[in-house]
K.L.:
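Input: one structure, supplied below.
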There are 2 protein chains.
Amino acid sequence: MDIDHAAKCLSELGNPTRLAIFRLLVRAGATGLTVGGIQKRLNVPASTLSHHISHLVWAGLIVQERDGRTLHCHTQPGVMDDLVGFLMDECCKGFDADSDASRAG
Amino acid sequence: MDIDHAAKCLSELGNPTRLAIFRLLVRAGATGLTVGGIQKRLNVPASTLSHHISHLVWAGLIVQERDGRTLHCHTQPGVMDDLVGFLMDECCKGFDADSDASRAG
DNA sequence: ACTATATTTCTAGAATTATCGAAATGGAAT
DNA sequence: ATTCCATTTCGATAATTCTAGAAATATAGT
């Protein structure tokens, strides 16, 4: 997880609809939800939903798997940990240390 | 930290320039950096930089404090922990549990 | 082939966001 | 008051993103 991938993930999760989708999927566990299942819960038009889902797939945050006519969506395990790891490790380490401006860079 | 504030923070951090600013500031520790110091490091025009900084301030991710003519910027302690906490707690708990679609909601 | 269901792609307009120069503001020094 | 420095606000333009209806695609059943 480098800064560009982190920015990509953060940006995608920054959209309220997409964050709601993502949260729904994480809570749905490994089985995930179908696109239609998400649509029923969030009540957004299919095309809009598909657009947002494709964003999340593109960012590597979720995965789709076809099962007959339905597409199951579930989170990509590990990506969230990687993102949080980036935020904590790459960004937030040593916040309490007596660092000064000359340390940055 | 509710889902709306989380989305706000994620959205602001999702911009590469803003994420770079934020990372710079976290690494600069409690002292932070001046706006000019950030500008020298990131080499973006002052007006553009100011625009992005005001976004980060608006989202509550960073704080500005005036010291004479210069404005020191530093991260808002705790917000990052809150955000990570939201992501892990609100989103990611029980990922390994044998939940199914009927569990969500 | 036809029908139905699930989902995506196409398309276009609306809304938002990014960029940056010019001008303005806030504060310190003479 | 004037000048200088640091930063913001203004304003205009370019680029991106959001939204959603219509059409298309994929799969399954008859």
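Residue numbers begin at 1 in each chain, while the letters A, B, ... track the order of the sequences.
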K.L.:
What does nucleotides 23-30 of chain C look like as a protein-contact string, B for base, S for sugar-phosphate only, - for none, at under 4.0 angstrom between heavy atoms?
P.N.:
---BBS--

K.L.:
So, using side-chain contact (heavy atoms from CB on, under 4.5 Å) as the criterion, who are the partners of A/Ser54 when residues are at least two apart?
P.N.:
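For A/Ser54 there are no side-chain contact (heavy atoms from CB on, under 4.5 Å) partners, ignoring immediate neighbours.
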
K.L.:
About how many Å separate CG of A/Leu87 and CG of A/Asp82, when rounded to the nearest 0.5 Å?
P.N.:
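Going from the CG atom of A/Asp82 to the CG atom of A/Leu87 covers 11.0 Å.
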
K.L.:
Between which nucleotides of DNA chain D, read 5' to 3', does contact with chain B run, using atoms under 4.0 Å from its heavy atoms?
P.N.:
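Taking any atom under 4.0 Å from a heavy atom of chain B, the span is D/dC4 to D/dT9.
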
K.L.:
If I take atom CG from residue A/Leu83 and atom CG from residue B/Leu10, how far apart are they, to the nearest 0.5 angstrom?
P.N.:
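Rounded to the nearest 0.5 Å, the CG-CG separation comes out at 8.0 Å.
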
K.L.:
CG of A/Leu56 versus P of C/dT8: gap in Å, rounded?
P.N.:
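After rounding, the reported distance stands at 12 Å.
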
K.L.:
Can you tell me if A/Gln64 touches the phosphate of C/dT7, counting only side-chain N or O atoms and a distance under 4.0 Å to OP1 or OP2?
P.N.:
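Checking A/Gln64 against C/dT7: no side-chain N or O falls below 4.0 Å of OP1 or OP2.
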
K.L.:
If I compare all heavy atoms of B/Cys73 with all of B/Val35, which pair ends up nearest, and what's the gap?
P.N.:
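Smallest interatomic distance, heavy atoms only, reads SG-CG2, 3.8 Å.
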
K.L.:
What is the distance from CG of B/Asn43 to C1' of C/dC20, rounded to the nearest Å?
P.N.:
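After rounding, the gap between these two atoms is 13 Å.
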
K.L.:
When the distance from CD of A/Glu12 to P of C/dT17 is rounded to whole Å, what number comes out?
P.N.:
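So the CD-P distance, A/Glu12 to C/dT17, works out to 14 Å.
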
K.L.:
Could you tell me which non-hydrogen atom of A/Asp2 sits nearest to which non-hydrogen atom of A/His5, and how far apart they are?
P.N.:
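In terms of heavy atoms, the two residues are closest at OD1-N, 2.9 Å.
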
K.L.:
Expected output is a numbered-order residue list: members of residues 44-55 of chain A with a heavy atom under 4.0 Å from any atom of DNA chain D. What is it?
P.N.:
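DNA chain D contact set from residues 44-55 of chain A: A/Pro45, A/Ser47, A/Thr48, A/His51, A/His52, A/His55.
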
K.L.:
For residues 58-67 of chain B, which side-chain donor-acceptor pairs fall under 3.5 Å, sequence neighbours excluded?
P.N.:
| residue | atom | partner | partner atom | Å |
| --- | --- | --- | --- | --- |
| B/Glu65 | OE2 | B/His74 | NE2 | 3.3 |
| B/Arg66 | NH1 | B/Gly68 | O | 3.2 |

K.L.:
Nearest 0.5 Å please: distance from the CG atom of B/Asp81 over to the CE atom of B/Met88.
P.N.:
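Here the interatomic distance stands at 12.5 Å.
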
K.L.:
Hey, is the side chain of B/Asn15 poking within less than 4.0 Å of OP1 or OP2 on C/dT17, counting only N and O atoms?
P.N.:
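For C/dT17, OP1/OP2 do not have a side-chain N/O of B/Asn15 under 4.0 Å.
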
K.L.:
Work out which heavy atom in B/Met1 is nearest to a heavy atom in B/Val79; give both atom names and the distance.
P.N.:
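Nearest pair, atom of B/Met1 first, then B/Val79: CE-O, 4.1 Å.
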
K.L.:
What is the minimum heavy-atom distance between B/Ala28 and B/Leu33, and which atoms define it?
P.N.:
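Answer, listing the atom of B/Ala28 first, then B/Leu33: CB-CG, 3.8 Å.
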
K.L.:
Taking only residues two or more places apart in sequence, or in another chain, which ones meet B/His52 in a side-chain contact (heavy atoms from CB on, under 4.5 Å)?
P.N.:
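Residues passing side-chain contact (heavy atoms from CB on, under 4.5 Å) with B/His52: B/Asn15, B/Thr17, B/Arg18, B/Ile21, B/Thr48.
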
K.L.:
Whole angstrom is fine here: how far is it from CG in A/Leu71 over to C1' in C/dT9?
P.N.:
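It works out to 14 Å between those atoms.
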
K.L.:
Going from CG on B/Asp4 to OG on B/Ser11, what distance comes out if it is rounded to the nearest 0.5 angstrom?
P.N.:
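The OG atom of B/Ser11 is 12.0 Å from CG of B/Asp4, to the nearest 0.5 Å.
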
